[in-house]
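One structure below.
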Amino acid sequence: MRVNRILLSSALIVVALVIQVSILARLHLPGAVPDLLLLTVLGLALVYGHVGGALVGFAAGLLADLAPPADHAAGRFALVLCVIGYLAGLAKPENGRLKSATGPMVVVVAAAIGTTLLYAGVGALVGDTAARHVGLGSLLFTAALYDLLLAPFVVPGIMALARRAENDPLAETGSAGNAANISSGWLSSGTGLKIGGQRGGLGNLKTKARTRTARVGRIKGVKRL
């Protein structure tokens with residue numbers, strides 16, 4: 001099981017870093033860059049817990065520190081993601097199921113803001129004042145916004161893969177279906193609609209309609225007699 005964690009985490013971290021460096025960083029969006037690596041760490045931390053989240057965060061941050069075109073001191077991002085992974089792991093659901101999307105969304109926003117602040121704080125200690133010139137306020141806002149928009153399409157899928165690799169009984173037969181159900185819960189959290197439970201609701205409506213039809217038929221038969 002530990003081997004599955006290492007293999008899956010390593011693969012997801014490498015893929016997330018490659019996509020972030022080669023695609024997301026070249027979009028030239030105003031303010032911050034969507035942090036796919038951070039979302040990967042959050043998804044794994046919500047399944048593995050605080051210890052696993054800290055280890056995954058440290059490994060992901062160290063890889064980001066060493067991978068080009070990194071222009072900061074090695075270990076800076078590793079420290080930040082290690083702390084964020086540990087704190088995110090504390091929010092792991094007790095029974096493994098997410099009752100609503102509110103909790104994970106709060107975790108994503110807090111992690112995006114916390115990562116930016118910690119990174120800027122550590123940079124100030126080592127003499128890096130780039131955040132002051134860019135504008136810390138705009139960085140915080142754009143980082144939280146971009147990560148919040150990207151999270152529903154990343155975090156649920158990573159959590160489903162992690163549970164499946166752990167042989168978690170909560171994982172469904174198809175990881176894609178599980179990820180889709182969780183994503184629909186994230187996207188519909190503000191509407192009050194339970195997308196995953198619509199099939200059961202339609203089945204109940206059909207059953208009630210048939211029962212009413214049968215009752216009406218019986219009443220008509222009695223009146224004819």
Practice problem: Please report the shortest heavy-atom distance between V109 and A144, naming the atom on each side. | Solution: CG1-CB, 4.3 Å
Quiz prompt | Co-membership, hydrophobic cluster, residues L148 and V106, 4.5 Å side-chain | solution = no
Practice problem: Enter the distance from C82:SG to L62:CG here, rounded to the nearest 0.5 Å. | Solution: 11.0 Å
Quiz item: So, for L46 and A88, which heavy atoms are closest and what is the spacing to 0.1 Å?
Solution: CD2-O, 3.6 Å
Quiz item: Where do A165 and L8 come nearest, in terms of heavy atoms and distance?
Solution: CB-CD2, 3.8 Å
Quiz item: How long is the gap from CG on L44 to CG on L12, to the nearest 0.5 Å?
Solution: 5.5 Å
Quiz prompt | Within-4.5 Å side-chain heavy-atom neighbours: I84 and L118 | solution = yes
Exercise. State, yes or no, whether a side-chain contact exists between F58 and L79 at a heavy-atom distance under 4.5 Å.
Key: no
Quiz item: Once you round to the nearest 0.5 Å, how far does CG of L139 lie from OG1 of T115?
Solution: 12.5 Å
Quiz item: What are the two closest heavy atoms between T40 and I13, and how far apart are they?
Solution: CG2-N, 4.4 Å
Quiz item: Backbone N or O of Y119 within a donor-acceptor pair of the R76 side chain at under 3.5 Å?
Solution: yes
Quiz item: Would you find a donor on one side and an acceptor on the other, under 3.5 Å apart, between the side chain of S10 and the backbone of L7?
Solution: no
Self-check item: Residue pair V155 / G43: nearest heavy atoms and the distance that separates them
Solution: CG1-CA, 3.9 Å
Quiz item: When rounded to the nearest 0.5 angstrom, what is the spacing between CG in L29 and CG in L145?
Solution: 10.0 Å
Quiz item: If you look at every heavy atom in L150 and P34, which pair is closest and at what distance?
Solution: CD2-CB, 4.2 Å
Self-check item: CG-CZ distance between N4 and R164, expressed to the nearest 0.5 angstrom
Solution: 12.0 Å
Quiz item: Hey, is the main chain of A112 close enough, under 3.5 Å, to the side chain of D147 for a donor-acceptor pair?
Solution: no
Quiz item: Hey, is the main chain of A78 close enough, under 3.5 Å, to the side chain of D65 for a donor-acceptor pair?
Solution: yes
Quiz item: If Ile, Leu, Val, Met, Phe, Trp and Tyr residues are connected whenever their side-chain heavy atoms lie under 4.5 Å apart, and connections chain through other members, are V51 and V107 in the same group?
Solution: no
Practice problem: Count the heavy atoms belonging to other residues, nucleotides or ligands that lie under 6.0 Å from OH of Y48, then report whether that count exceeds 12. | Solution: yes
Quiz item: If you group Ile, Leu, Val, Met, Phe, Trp and Tyr by side-chain heavy-atom gaps below 4.5 Å, do L55 and L39 land in one group?
Solution: no
Quiz prompt | K92 side chain reached by V47 side chain, heavy atoms, under 4.5 Å | solution = no
Quiz prompt | Donor-acceptor pair, side chain of T142 and main chain of A32, under 3.5 angstrom | solution = yes
Exercise. Kindly compute the distance separating CG (L37) from CG (L17), expressed to the nearest 0.5 Å.
Key: 6.0 Å
Exercise. Verify, without hydrogens or angle tests, whether Q20 (side chain) and D35 (backbone) share a donor-acceptor contact under 3.5 angstrom.
Key: no
Practice problem: Under the ring-ring contact (aromatic ring centres under 6.0 Å, His included) rule, collect the residues that match up with Y146, sequence neighbours excluded. | Solution: none
